[in-house]
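To keep things clear, I will list the structure first and then write my remarks on it.
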Number of protein chains: 2
Amino acid sequence: MKIAIDHKSPVPLHIQAEQLIRKMIEDESYQDGKVLPNEVDLAKILAISRSTLRQAINKLVFEGLLVRKKRVGTKVNKVQVSSKSNNWLSFSQEMKLRGIKIRNFELHVTWVYPNETIANFFEIKSDRKVLKMERLRGSMDEPFVYFESYFHPRVGMTGDEDFKRPLYELLETEHSVIATLSKEEISALEAEAQIAEKLRIPIGGAVLLRKRFVYDQGERPIEYNLGYYKAKSFTYTLESRR
Amino acid sequence: MKIAIDHKSPVPLHIQAEQLIRKMIEDESYQDGKVLPNEVDLAKILAISRSTLRQAINKLVFEGLLVRKKRVGTKVNKVQVSSKSNNWLSFSQEMKLRGIKIRNFELHVTWVYPNETIANFFEIKSDRKVLKMERLRGSMDEPFVYFESYFHPRVGMTGDEDFKRPLYELLETEHSVIATLSKEEISALEAEAQIAEKLRIPIGGAVLLRKRFVYDQGERPIEYNLGYYKAKSFTYTLESRR
DNA sequence: ATTGTTCTATTGTATGTACATATTAATTGG
DNA sequence: CCAATTAATATGTACATACAATAGAACAAT
């Protein structure tokens with residue numbers, strides 16, 4: 001394992017430390033209750049100050065991943081919800097896994113003023129335009145999902161990118177942006193006229209809405225993504241343990 | 001309001017600060033979006049160091065109560081309902097977190113022959129009856145979710161259990177069955193007559209279907225659960241990292 | 001053997017300092 | 001007047017330091 005922190009990297013040291021610790025505690029011995037190195041030593045090992053290390057650990061403690069105890073040390077919390085099976089695949093990869101060949105029906109790129117939700121998520125003012133990408137995708141026969149993606153200006157999208165490539169690969173190679181964290185919200189709703197038309201279903205037909213909030217290594221927002229899936233064409237699966 | 005921090009008190013300064021800020025932002029003007037005093041000033045006012053103050057503010061930011069923005073300031077966050085309960089919670093617990101009081105509309109327990117899906121999952125023959133529990137639950141006003149649960153004969157359910165108790169607690173104390181693994185499938189669909197009637201929505205209205213396959217410690221199947229959620233009454237949230 | 005005491009390792013609390021970064025506001029140049 | 005530049009201001013990052021509190025371990029006293 002690489003236990004190095006890059007002091008020259010633009011991503012903050014405490015974030016790097018946080019990610020390192022996440023990796024570190026995936027190890028079985030930690031899962032079984034071994035205490036991790038004490039703060040003073042660990043700070044020395046990572047070559048950062050104790051305060052900075054504590055910043056990282058604090059976050060994981062708050063998340064419930066770690067527990068600290070005076071004079072004892074810091075351990076991995078037992079009641080852990082291992083969401084390991086969350087692979088994080090691109091849409092094309094996901095579909096490939098399911099043996100579905102993808103066809104792109106529409107692709108539309110524009111610059112728009114963000115609505116309140118987006119401006120808030122991006123932490124920008126709403127008079128600053130962001131790149132919006134719309135996509136209608138599906139099987140060879142028919143579209144079954146409509147995507148709406150918004151990119152933070154920081155990413156540096158031009159709109160001329162080759163969107164046929166996997167998106168996260170594109171972000172990485174073209175813009176040096178590495179998507180590492182995704183928060184999702186899944187719900188059902190009835191299709192409005194615009195969506196219904198695109199997905200070729202009656203107005204009011206059931207749709208699965210998957211909102212994704214995507215962050216980079218520095219946990220800064222980079223993409224806001226809405227996916228409207230035609231009912232029954234998509235199932236979200238996950239495992240949790242306690 | 002008392003805007004004083006007691007340096008002699010045994011309760012840590014950052015905790016005192018946290019509580020003070022909580023009180024402070026109960027004020028309407030803050031709820032409406034006024035920024036609170038900047039860190040440097042506020043630290044001066046409270047007579048504590050900026051680091052200590054940040055410790056307090058950080059906690060509230062983690063909690064989602066406050067949001068910070070560079071050059072702008074720190075504000076009270078808009079109330080968001082999406083609890084990030086990736087944890088394993090019972091329905092009642094989940095709803096409690098969201099501040100919703102639960103009402104049980106219907107509860108029905110029967111013994112039925114399992115259909116193919118269930119028999120397969122339980123790895124039993126379909127001429128062996130299993131306990132089926134149906135439940136219609138919701139807010140005080142109206143039902144918004146319909147559950148269908150099937151229990152493996154191995155669990156030893158009688159049907160006379162007190163189903164008002166949290167289910168997984170009941171399984172544990174009454175039948176020594178500990179649910180440890182849950183595989184879920186989430187999809188959207190259009191309500192059939194029976195479901196539509198129960199949820200008081202038109203036939204064909206959007207419903208979120210959450211299938212749960214629950215296993216015990218030995219990874220043996222113990223429960224099959226179907227949850228039909230009225231659209232918009234439920235959002236599934238999760239985080240994933242790579 | 002149990003109870004009490006002291007030692008010590010580890011996290012907890014608290015401060016001060018310095019510079020970085022992002023964004024609004026003011027200023028300047030054409 | 002408008003665009004580009006600069007300044008000002010808020011949070012963000014990072015470090016060094018000092019002492020407090022807690023809990024377990026070792027040891028001593030009864």
Side-chain angles (χ1 to χ4, degrees), chain A residues 5-19 21 33-62 66-77 114 119-120 122-129 152-156 215-222, chain B residues 5-19 21 33-62 66-77:
Chain A
I5 280 193
D6 180 4
H7 282 254
K8 284 173 197 155
S9 157
V11 6
L13 302 189
H14 72 268
I15 301 275
Q16 288 187 54
E18 184 200 323
Q19 287 169 345
I21 296 170
K34 196 175 83 175
V35 297
L36 30 146
N38 75 63
E39 292 179 355
V40 181
D41 290 351
L42 191 53
K44 221 171 271 170
I45 294 172
L46 300 181
I48 57 176
S49 76
R50 188 181 161 212
S51 331
T52 305
L53 176 60
R54 269 182 77 82
Q55 221 176 127
I57 296 180
N58 269 333
K59 195 161 169 209
L60 299 175
V61 169
F62 200 88
L66 298 179
V67 276
R68 286 201 275 212
K69 226 166 144 185
K70 275 184 213 168
R71 172 57 229 259
V72 178
T74 306
K75 287 195 293 191
V76 174
N77 196 347
N120 273 335
F122 283 165
E123 293 175 355
I124 60 173
K125 286 189 90 177
S126 49
D127 59 358
R128 212 168 145 197
K129 283 195 170 178
H152 194 289
R154 183 197 304 118
V155 177
Y215 302 79
D216 73 0
Q217 282 186 309
E219 306 223 350
R220 301 179 304 183
I222 55 175
Chain B
I5 281 193
D6 181 3
H7 283 255
K8 283 174 199 154
S9 156
V11 8
L13 302 189
H14 73 266
I15 303 274
Q16 288 187 53
E18 184 199 322
Q19 288 167 347
I21 296 170
K34 195 176 85 176
V35 297
L36 29 146
N38 75 63
E39 293 179 355
V40 182
D41 290 352
L42 191 52
K44 220 170 275 171
I45 295 171
L46 301 181
I48 57 176
S49 76
R50 186 179 162 212
S51 324
T52 304
L53 176 59
R54 269 182 79 80
Q55 222 177 125
I57 296 181
N58 269 332
K59 195 165 169 209
L60 300 174
V61 169
F62 271 134
L66 298 179
V67 276
R68 287 200 273 215
K69 219 165 149 187
K70 273 184 216 170
R71 174 57 230 259
V72 177
T74 306
K75 288 193 296 190
V76 175
N77 199 356

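Every chain is numbered from 1 and lettered A, B, ... according to where its sequence line falls, protein lines coming before strand lines.
Protein chain A contacts DNA chain C from C:dT8 to C:dT24, reading 5' to 3' and using non-hydrogen atoms of the protein with a distance under 4.0 Å.
When all heavy atoms are compared, the tightest approach of A:Asp216 to A:Gly218 is OD1-N, 2.9 Å. Smallest separation of non-hydrogen atoms from A:Ala43 and A:Leu53: N-CD2, 3.5 Å. Nearest heavy-atom pair, A:Ile57 versus A:Glu39, reported as atom, atom and distance to 0.1 Å: CD1-CG, 4.3 Å.
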So which protein nitrogen or oxygen atoms get under 3.5 Å of nucleotides 5-9 of chain D's nitrogens or oxygens?
none

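At a non-hydrogen distance threshold of 4.0 Å, A:Arg50, A:Arg54 from residues 50-60 of chain A come into contact with DNA chain C. Contacts between residues 8-15 of chain B and DNA chain C, defined by a heavy-atom separation below 4.0 Å, involve B:Pro12, B:Leu13, B:His14, listed by number.
Atoms NZ (B:Lys75) and P (D:dA10) sit 15 Å apart, rounded to a whole Å. Between the CD atom of B:Glu39 and the C1' atom of D:dA10 there is a distance of 8 Å, given to the nearest Å.
Going from atom OG1 of B:Thr74 over to atom CG of B:Leu42 covers 9.0 Å, rounded to the nearest 0.5 Å. Interatomic distance, B:Leu13 CG to B:Ile5 CD1, rounded to the nearest 0.5 Å: 6.0 Å. One finds the CD1 atom of A:Ile48 at 12.5 Å from the CZ atom of A:Arg54 (value rounded to the nearest 0.5 Å). B:Thr52 contributes atom OG1, which lies 13.0 Å from atom CD of B:Glu18 (distance to the nearest 0.5 angstrom).
Contacts of B:Gln55 classified as side-chain hydrogen bond (donor to acceptor under 3.5 Å, both in side chains), with partners at least two apart in sequence or in another chain: B:His14. In terms of the salt bridge (charged side-chain N to carboxylate O under 4.0 Å, His left out) criterion, A:Arg154 has no residue partners (sequence neighbours excluded).
Judged by distance alone, the side chain of A:His7 and the main-chain N or O of A:Ala47 form a donor-acceptor pair under 3.5 Å.
For the 3.5 Å distance criterion, the side chains of B:Asn58 and B:Arg68 qualify, holding a donor opposite an acceptor.
In this structure, B:Lys75 places its NZ atom where only 12 or fewer heavy-atom neighbours from other residues, nucleotides or ligands lie under 6.0 Å away.
Note on ring orientation: taking the six-membered ring where Trp is involved, the planes of A:Phe62 and B:Phe62 are parallel (angle under 30°, cut-offs 30° and 60°).
Contact between the side-chain N/O atoms of B:Thr74 and the OP1/OP2 oxygens of D:dT11 is found at a separation under 4.0 Å.
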